[in-house]
Visitor: 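Structure in structure tokens, see below.
What you see is a predicted model, and the numbers here were worked out from it, not measured in a lab. Remember, it's 1-based here, ligands and their atoms both numbered in the order they're listed.
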Amino acid sequence: MKSLVLVLLVAAACAKHEDYIGWKTYFVGPSTTDQFKDLAVMVPVFELDFLSRPIIGREGLVLVKPEHQDSFTKALEEKGITYYIHADNIKERLDIDDEAIEAQNKLTMSRSGFRKPFDNYQPLEVYDNYLEDIARRFPNIATLVTPANSFEGHPIKYLKISTTDFQDRRKPVIVIDGGIHSREWISPPTVAYAIRKLTEDLTETEMLHNYDWILLPIVNPDGYKFSFERARFWRKTRSTDHAQGQNCPGVDGNRNYDFFWNTVGSSSWPCHDTFAGSRPFSEVETRVVRDILHEHLERITLYITMHSFGSLILYSWGHNGSFSHNAFALHVVGVNMADAIFNATLPHFPRYTVGNAGLSPVLLASGAAEDYAHYIGVPLSYTFELPGVFTSGTGFGGFTIHPRYIEQVCKETWAAIAVGARRSAEMFGKK
Ligand SMILES: *[C@@H]1O[C@H](CO)[C@@H](O)[C@H](O)[C@H]1NC(C)=O
Ligand SMILES: *[C@@H]1O[C@H](CO)[C@@H](O)[C@H](O)[C@H]1NC(C)=O
Ligand SMILES: [Zn+2]
């Protein structure tokens with residue numbers, strides 16, 4: 001009986017990722033403004049799915065369906081854009097990733113017997129349990145809030161962390177979210193790690209005492225679960241209340257905010273990965289973040305939304321690449337945060353680049369969270385593209401940074417968050 005169960009389990013594991021048989025990922029390196037423009041034109045034509053965006057001097061990584069590969073590479077050659085294959089057998093790479101995650105599970109389980117979000121790529125339940133556990137153990141500073149359920153009915157949970165129960169109106173509020181794009185698995189751990197650094201592993205007490213925190217590790221629990229169980233590259237929510245909802249569920253949460261909604265870099269076609277939704281804030285998941293931002297707007301000095309990958313700190317305006325009135329402060333604090341990461345990172349991690357979204361004209365996009373927050377009045381608002389590292393001869397890499405690096409990414413990102421909080425308070429806090 002036991003061996004039958006085992007056989008079935010192995011069969012299930014092998015059946016996984018079969019949808020990606022024949023898909024390929026390519027590194028693409030446009031090097032002139034014209035080439036960036038040419039590449040931008042190709043995005044809808046070949047249904048290009050950028051896992052990381054190219055910038056001058058650094059290639060992007062793009063996922064391409066079998067039916068578009070020949071015409072896509074031909075178009076690249078015509079335009080003189082350099083490219084090379086990253087993975088021509090994606091399923092195999094993803095299977096290796098699964099093994100690495102399984103091995104990491106054994107390692108971390110034996111260490112503590114209790115799974116934590118930053119130990120490994122963890123299922124949704126581990127996050128729910130962690131937030132509940134922290135709220136229980138630190139009742140004087142941590143409050144668990146469940147403002148709504150996701151489309152499929154999973155509670156969307158965040159922690160408010162404060163030594164003064166959010167009553168001291170002079171304190172800056174720092175808001176950090178993750179997991180709006182479900183497949184970017186390295187994002188939620190960094191938010192959970194910030195929770196850890198303010199509670200069970202408090203080493204910088206002023207971080208706890210001087211600020212009020214709102215930490216929301218997984219904005220999009222439905223997509224997160226789906227990316228674990230069904231489709232590794234699932235990016236959107238799982239809502240079906242739009243035209244084509246039954247064939248093509250889901251909305252790109254980071255195109256769904258009410259900021260120049262559905263004007264650039266997003267799609268009106270529900271089957272596309274960048275579908276903007278049937279209207280602004282059609283998704284309960286984005287409404288949760290919107291409501292947090294408005295509730296505390298007067299005091300929010302810093303908002304960060306965690307994505308991957310590319311080692312980038314990006315700021316507004318993401319829909320047209322122009323600088324905002326606050327661009328100088330945005331850039332300076334962005335560089336401060338990147339410096340803090342550089343000081344804490346590993347030598348073979350790529351160095352962060354700081355800039356406005358015009359850095360990568362291929363992926364200008366409307367309806368993004370960071371732009372919306374800045375537009376309604378958050379002075380310092382950023383999208384982080386967390387690092388991806390390619391370990392040769394192993395798994396998918398980049399997008400699924402090896403689980404052994406999760407804690408490293410969390411640590412260096414926390415260093416950036418701490419510096420960002422301090423600088424934002426100096427510049428925009430009420431004294
Ligand atoms: C880009 O959008 C911002 C925000 O709406 C606006 O102030 C700016 O003028 C726009 N830039 C261009 C070149 O249209
Ligand atoms: C650099 O990192 C060290 C060790 O983690 C830390 O003590 C120091 O404060 C950091 N310096 C800066 C400028 O961030
Ligand atoms: Zn993303």
Visitor: Are Arg351 and Phe342 in a cation-pi contact, defined as NZ or CZ under 6.0 Å from the six-membered ring centre and within 45° of the axis?
Guide: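 So Arg351 does make the cation-pi contact.
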
Visitor: Any atoms of ligand 1 less than 4.0 Å from a non-hydrogen atom of Ser322? List them with their elements.
Guide: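 Under 4.0 Å from Ser322, ligand 1 has these atoms: 1 (C), 10 (C), 11 (N), 12 (C), 13 (C).
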
Visitor: Between Tyr375 and ligand 1, find which residue part has any heavy-atom pair under 4.0 Å and reply side chain, backbone, both or neither.
Guide: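 Near ligand 1, Tyr375 shows nothing, with every heavy atom at 4.0 Å or more.
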
Visitor: Distances for all N or O pairs of ligand 2 and the protein under 3.5 Å?
Guide:
residue  : atom   : partner : partner atom : Å
ligand 2 : 2 (O)  : Asn343  : OD1          : 3.4
ligand 2 : 2 (O)  : Asn343  : ND2          : 2.3
ligand 2 : 11 (N) : Asn343  : ND2          : 2.8
ligand 2 : 14 (O) : Asn343  : ND2          : 3.1

Visitor: Looking at Leu76, Asp88, Thr73, Leu63, which hits side chain to side chain contact (heavy atoms under 4.5 Å, CB included) with Tyr26?
Guide: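 Filter result, single survivor: Thr73.
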
Visitor: Take the angle between the ring planes of Tyr315 and Phe323 and call it parallel below 30°, perpendicular above 60°, tilted in between.
Guide: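 The arrangement is tilted - the two ring planes meet at 30° to 60°.
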
Visitor: Give every protein N, O or S atom lying under 2.8 Å from the Zn ion (ligand 3), naming each by residue and atom.
Guide: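 Listed by chain and number: His181 ND1, Glu184 OE1, Glu184 OE2, His307 ND1.
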
Visitor: Which residue pairs pass the salt bridge (Lys or Arg N to Asp or Glu O under 4.0 Å) test when at least one of the two sits in residues 33-58, sequence neighbours left out?
Guide: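 Non-adjacent pairs meeting salt bridge (Lys or Arg N to Asp or Glu O under 4.0 Å): Glu47-Lys65, Asp49-Arg183, Arg53-Glu385.
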
Visitor: Under 4.0 Å from any heavy atom of Phe260, which atoms of ligand 1 are there?
Guide: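 Heavy-atom distances to Phe260 below 4.0 Å select 5 (O).
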
Visitor: Quick one: list whatever passes ring pair (Phe, Tyr, Trp, His ring centres under 6.0 Å) with Phe228, sequence neighbours left out.
Guide: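 Testing Phe228 for ring pair (Phe, Tyr, Trp, His ring centres under 6.0 Å), a comparison that skips the adjacent residues, returns Trp185, Tyr224.
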
Visitor: Out of Leu61, Ile186, Ile401, Leu386, which residue meets the side chain to side chain contact (heavy atoms under 4.5 Å, CB included) rule with Phe309?
Guide: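 Of the listed residues Leu61, Ile186, Ile401, Leu386, the side chain to side chain contact (heavy atoms under 4.5 Å, CB included) partner of Phe309 is Leu61.
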
Visitor: Using a strict cut-off of less than 4.0 Å between a Lys/Arg side-chain nitrogen and an Asp/Glu carboxylate oxygen, indicate whether Lys160 and Asp212 qualify as a salt bridge.
Guide: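 So Lys160 does not pair with Asp212 through a salt bridge.
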
Visitor: Classify the ring geometry between His374 and His325 as parallel (under 30°), tilted (30 to 60°) or perpendicular (over 60°).
Guide: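 Because their plane-to-plane angle is under 30°, the rings of His374 and His325 count as parallel.
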
Visitor: For the residue pair Arg287 and Phe281, would you count it as a cation-pi contact if the rule is NZ or CZ under 6.0 angstrom from the ring centre and within 45 degrees of the ring axis?
Guide: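 No, a cation-pi geometry is absent between Arg287 and Phe281.
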
Visitor: Can Glu200 and Lys116 be counted as an ion pair, charged N to O under 4.0 angstrom?
Guide: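 Salt bridge flag = yes for Lys116 with Glu200.
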
Visitor: Does Asp273 reach the main-chain N or O of Arg235 with its side chain, forming a donor-acceptor pair under 3.5 Å?
Guide: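 Looks like no, no N/O pair under 3.5 Å.
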
Visitor: Hey, which atoms in ligand 1 end up nearer than 4.0 Å to a heavy atom of Asn320?
Guide: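 With Asn320 as reference, the close atoms of ligand 1 come out as 1 (C), 2 (O), 3 (C), 8 (C), 10 (C), 11 (N), 12 (C), 14 (O).
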
